[in-house]
Amino acid sequence: MDKSTEKSTGYDPSQLEGKWYSYWEQKGYFNSKPDEREPYTILIPPPNVTGVLHMGHMLNVTIQDILIRKARLDGKNACWVPGTDHASIATEAKVVRKLREQGIKKSDLTREEFLKHAWDWTDEYGGIILSQLKKLGASCDWDRTAFTMDETRYQSVIKVFVDLYKKGKLYRGNRMVNWDSEAQTVLSNEEVLYKEESAKLYHVRYQIAGEDKFITIATTRPETILGDTAIAVHPDDPRYAPYKGKKAIVPMLGREIPIIFDTYVDIEFGTGALKVTPAHDPNDYELGKKHNLEVIDVLNDDGSISEAGQLYVGEDRFKARKLIVKDLEAKEHLVEIEDLVHNVGRSERTNSVVEPKLSLQWYVDMQQLAEPALKNVMEDVIRFFPEKYKNTYSHWMSNIRDWCISRQLWWGQRIPAYYIDDKVYVAETVEEALAQAQAELGDHIKAADLKQDEDVLDTWFSSWLWPISVFNGFESREELDYYYPTSVLVTGWDIIFLWVARMIMCGYEWEDKFPFKDVYFTGMVRDKKRRKMSKSLGNSPDALKLIEDFGADGVRYGMLSCSPAGGDLLFDESLVDNGRKFTNKIWNGVGYVLNLQTDKAVIQPEANKLAIAWINAKMNETLKKVEKSFSEYRLSEALMTLYSFVWNDVFNGYIEIIKPPYGEAGDVATREASIDLFEKMMIMLHPFMPFITEELWHKLRDREEGEDCIVASYPSISDVDNSALLSRMELANSIISSVRDLRNKHQLSPKKAVKLSAIDNDEISACLDEAGMESIIKKMANIEELTMLQTDEGVDGNSFICGKTKLFAHLDLEINVEEALPKLEEEYKRQVAFKAGTEKKLSNERFVAGAPAAVVEREKKKLSDSKARIAALAEEIKRLGGSI
RNA sequence: GAGAAUAUAGCUCAGUUGGUUUAGAGCGAUGCCUUGACAGGGCAUAGGUCGGGGGUUCGAAUCCCUCUAUUCUCACCA
């Protein structure tokens with residue numbers, strides 16, 4: 001028979017998720033307005049506007065949603081602001097590529113035409129990712145959706161630029177920059193990724209002018225020979241001392257260049273002689289400045305050889321390298337080719353090899369900005385989770401370099417700097433710039449004389465304003481005063497410098513206050529073999545497909561069940577499958593109790609009353625643990641605590657106890673108590689699994705308008721001390737497990753009822769004095785008779801020890817002494833050793849005097865329990881004929 | 001080259017300022033059971049000298065030193 005029709009179908013999220021999401025949206029539960037409540041604010045790290053949902057987003061967004069939903073249940077004014085990032089380089093590159101496919105070259109378009117295409121692209125693909133977040137259950141205030149290029153955010157950027165300029169914290173400088181010749185723009189240091197790559201080290205000999213001697217240099221970049229303006233050697237290097245004051249001749253070109261002496265040169269590396277190309281190497285540039293060398297830039301912006309190179313003009317730098325090596329060889333300049341592994345910097349966005357290049361760019365002076373940002377993190381005014389990232393942060397902040405913010409692109413905020421010849425006017429509008437120019441140069445200056453900077457600003461120059469700009473904070477204080485600073489930032493540690501550090505600096509610069517109280521760093525999502533998720537490896541699952549297959553709640557569980565803050569998430573489909581199983585378990589467990597028949601005539605058994613008291617005590621413990629975990633952002637731990645409570649305590653414990661005999665009806669009071677329990681359970685689970693909990697919440701009771709799980713009140717923690725009840729139940733459970741184990745070992749069916757007897761003591765009697773406890777033990781362990789004995793003399797049966805209580809199961813079995821004795825003896829030895837250790841501790845005056853009273857008490861209890869166990873073990877060993 | 005972090009069961013991790021731990025969890029593994037709330041579920045079992053060595057302490061997975069291994073950050077030599 002087909003199983004799917006034979007069996008009940010379990011939890012099916014496909015219909016429910018969409019239904020509840022629109023219900024919440026329509027009720028306005030995600031929306032936030034300032035009011036008298038305490039705000040709890042999170043800003044989404046804006047994903048690329050044209051991006052699609054990937055595993056990293058899923059983890060990041062799930063964490064934020066859990067925190068926001070928890071805050072909402074805690075009665076705070078929860079506000080989660082969504083938005084997207086214009087990602088200038090990445091988006092512009094995509095648009096350029098798309099236009100190229102249509103046969104359109106960017107260079108053929110005007111700025112306005114290009115931007116039109118870019119906006120079309122943004123409008124077409126933008127927001128796809130936001131709708132995908134909804135599938136996960138993200139409870140963002142969609143009315144607040146912001147975009148780093150929208151009007152408000154654009155104006156914020158312009159204002160900030162002008163403000164920094166006025167404060168003198170912004171300058172324009174001619175410096176060595178990182179040039180991405182594919183995107184044809186400059187990159188900040190943080191956008192360059194270094195990786196070890198194998199390369200060739202070419203040894204090339206240069207003739208000494210007027211002599212028949214040669215000096216051999218080593219280079220990885222022979223094509224830059226065209227730009228050589230010196231050869232440098234170490235002043236202490238005896239090999240090259242004779243060349244003092246001489247000149248060398250650049251191969252192929254015949255240009256005479258000086259031989260200079262500088263301690264920068266490493267005598268050990270290569271040949272000890274270095275060719276100097278000030279235009280194409282940061283160190284060479286410094287050398288050039290020091291020794292007054294000519295700067296010959298032999299590369300065009302697209303990475304091809306420029307006119308200044310004289311040879312191979314127009315050829316790409318890599319092609320030119322091959323050509324010149326061939327020619328050098330032909331002319332006997334090439335001495336040797338050595339293999340070398342060195343670090344190569346590549347563009348984060350286009351992966352092309354970054355070219356050092358001399359260029360005039362805008363910079364932010366970071367020194368003053370960094371100061372409060374560093375101090376407040378180190379003093380935990382802003383807390384990092386995990387804390388270890390403070391080290392990384394501190395290291396970077398203490399060695400911070402100025403931030404190059406101009407980009408040679410069109411897609412972004414255009415730099416509000418206007419030029420007339422070498423005069424610069426920075427202003428929010430052309431009119432203001434004009435006014436400035438006229439004031440300085442005279443009224444004859446017209447707007448048309450002003451040329452605005454062609455470049456746009458680094459995307460991060462708009463992202464760093466996010467905590468203020470999303471509330472329109474550079475324009476008005478209305479919302480900023482309520483929502484700022486935000487509660488927590490959830491983001492990946494990989495953008496700690498690009499984004500996190502800069503937001504902190506921004507916060508102190510314009511608000512004189514941190515932008516967020518806490519920062520939760522998520523790890524990378526990797527596959528089971530610890531490889532990064534990547535398209536080329538094909539190891540990245542389709543996020544939406546996962547939601548379809550396992551349900552959003554299942555996926556959320558999977559993402560969170562194993563991802564400590566800052567630690568990598570090793571994703572495996574089994575994780576989300578466990579999540580799916582968990583939703584199924586909840587669905588069936590709650591459904592089972594709801595479908596139980598009740599009968600008013602059935603009197604509530606004592607066992608049920610006890611089970612209810614116990615499960616509520618357990619729940620209180622669970623609440624405490626979960627609360628603590630949340631306060632430390634240990635979300636996986638909170639989830640696992642809930643998982644264990646729900647699955648082990650509620651479903652495997654509580655429900656098994658209150659289950660009426662097959663086919664019989666249950667009592668009304670127990671059902672009511674169960675519904676109360678489930679109701680609280682739904683609230684506790686809601687932040688992690690919003691959909692199933694909302695659905696079941698409505699199945700549990702008839703609800704009034706507005707009475708929804710998402711806005712319910714989180715259960716409060718009780719101060720009542722339940723430890724006695726909990727430890728008695730623990731003893732009962734231990735007895736139950738032992739009896740089950742005995743059956744297992746002797747291959748007995750669980751259906752075979754057994755007789756049990758216990759040797760009386762204070763522990764077991766207190767346990768059994770709880771009304772209903774005896775019947776719980778009998779039911780769960782299938783005991784037909786439980787008797788108390790004063791002594792074990794003459795008792796026949798399989799003995800075991802729980803806590804300090806000795807019990808006998810009367811199974812009518814031959815007792816296998818040979819098997820039982822060694823185990824008992826081993827346990828006895830272990831126990832004696834433990835007792836000795838405890839005694840030693842307690843007899844140590846310094847321990848008794850020095851340790852806290854509670855610790856000493858605990859040790860005393862351990863000792864007395866241990867003694868009781870030893871006595872019981874000794875008796876049993878003797879009874880079986882062993883000796884101690 | 002400079003700095004930092006980590007090392008606990010087959011895997012992934014917890015272990016909160018040294019003492020509620022006689023080192024825990026989840027997954028996985030193994031055995032048994034199950035016509036039933038649960039295209040599954042239950043019960044139970046086995047697995048660790050807490051990377052090696054040394055030290056401080058009445059007491060160390062926890063603090064210190066050292067060695068080994070791994071990872072990361074920053075800088076970057078042609």
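All of these numbers come straight from a predicted model, not from anything done at the bench. Every chain is numbered from 1, with letters handed out A, B, ... down the list of sequences.
The phosphate of G41(B) (OP1 or OP2) has no side-chain N or O of K585(A) nearer than 4.0 angstrom. The shortest distance between the side-chain N/O atoms of R580(A) and the OP1/OP2 oxygens of G40(B) is below 4.0 Å. At the phosphate of C43(B), OP1 or OP2 sits under 4.0 Å from a side-chain N or O atom of N652(A). Within the structure, a side-chain polar atom (N or O) of R530(A) is placed less than 4.0 Å from OP1 or OP2 of U12(B). Side-chain N/O atoms of R401(A) include one lying less than 4.0 angstrom from OP1 or OP2 on A75(B). Between H342(A) and C77(B) there is no side-chain polar atom (N or O) within less than 4.0 angstrom of OP1 or OP2. At the phosphate of G42(B), OP1 or OP2 sits under 4.0 Å from a side-chain N or O atom of W647(A). A close approach under 4.0 Å does occur between a side-chain nitrogen or oxygen of S737(A) and OP1 or OP2 of A44(B). Taking only side-chain nitrogens and oxygens, K862(A) comes nearer than 4.0 Å to OP1 or OP2 of U20(B). The side chain of Y643(A) places no N or O atom within less than 4.0 Å of a non-bridging phosphate oxygen (OP1 or OP2) of G26(B).
Relative orientation of the Y393(A) and F384(A) rings is perpendicular, given thresholds of 30° and 60° on the angle between their planes. Between Y520(A) and Y633(A), the ring planes lie perpendicular to each other; the angle is over 60°, past the 30° to 60° tilted range.
Look at the C1' atom in both U56(B) and A60(B): the space between them is 10 Å, to the nearest Å. Rounded to the nearest Å, the gap between the C1' atom of G24(B) and that of U70(B) is 25 Å. Spacing between A7(B) and C67(B) at atom C1', rounded to whole Å, works out to 14 Å. Nucleotides A61(B) and U17(B) have their P atoms positioned 16 Å apart, rounded to a whole Å. Taking atom C1' in both U22(B) and G26(B), one finds a spacing of 23 Å when rounded to whole Å.
Backbone-only engagement by N283(A) is indicated by non-hydrogen atom pairs under 4.0 Å involving sugar-phosphate atoms exclusively. No engagement by R869(A) is indicated, since no non-hydrogen atom pair under 4.0 Å with the nucleic acid exists. Nucleic acid contact class of K628(A) (heavy atoms, under 4.0 Å, all strands): base. Residue contacts shown for N744(A) include a base, since a base heavy atom lies under 4.0 Å away. Among the protein residues, N391(A) comes within range of the sugar-phosphate backbone only, with heavy atoms under 4.0 Å from sugar or phosphate atoms but none that close to a base. When heavy atoms are screened at a 4.0 angstrom cut-off, F497(A) is found touching the sugar-phosphate backbone but no base atom. Nucleic acid contact class of R743(A) (heavy atoms, under 4.0 Å, all strands): none. Base contact: Q831(A) has a heavy atom under 4.0 Å from a base atom. Across all strands shown, L274(A) has heavy atoms under 4.0 Å from base atoms, whether or not it also approaches the sugar-phosphate. Using a 4.0 Å heavy-atom criterion, one finds that G591(A) contacts no nucleic acid atom at all. Looking at heavy-atom distances under 4.0 Å, D572(A) makes no contact with the nucleic acid at all. When heavy atoms are screened at a 4.0 angstrom cut-off, E656(A) is found touching base atoms of the nucleic acid. Using a 4.0 Å heavy-atom distance criterion, K745(A) is classed as making no nucleic acid contact. Residue contacts for R526(A): at a heavy-atom cut-off of 4.0 Å it reaches no nucleic acid atom on any strand shown.
R317(A) pairs in a side-chain hydrogen bond (donor to acceptor under 3.5 Å, both in side chains) with only one of the listed residues (E223(A), H280(A), E355(A)), which is E355(A).
Checked against A78(B), G41(B), U20(B), the side chain of K581(A) finds its nearest nucleotide in G41(B). Checked against U45(B), G19(B), A37(B), the side chain of D741(A) finds its nearest nucleotide in U45(B). Residue Y194(A) places its side chain closer to C76(B) than to any other of A44(B), C38(B), C76(B). Among the nucleotides A37(B), A78(B), G26(B), the one closest to the side chain of Y592(A) is A37(B).
Here F269(A) does not lie in a stacked arrangement on the base of C77(B), lacking the combination of planes under 30° and ring centres under 5.5 Å apart.
Not one N or O on the side chain of D649(A) forms a donor-acceptor pair closer than 3.5 Å with the backbone of G653(A).
For N578(A) and C27(B), a side-chain-to-base donor-acceptor distance below 3.5 Å is absent, hydrogens and geometry of angles not being considered.
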Dot-bracket assigned to RNA chain B with the 3.5 Å Watson-Crick/G-U criterion, [ ] for crossing and | for other-strand pairs, is (((((((..((((.....[....)))).((((((.....)))))).....(((((..]....))))))))))))....

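Looking at K628(A) and E632(A), a side-chain N of the basic residue comes within less than 4.0 Å of a carboxylate O on the acidic one, giving a salt bridge. Electrostatic pairing of E859(A) and K862(A) counts as a salt bridge here, judged by a charged N lying under 4.0 Å from a carboxylate O.
Applying the 90° criterion around 0 to the glycosidic angle, G26(B) comes out anti.
Within a 6.0 Å radius of NZ in K778(A), other residues, nucleotides and ligands contribute more than 12 heavy atoms.
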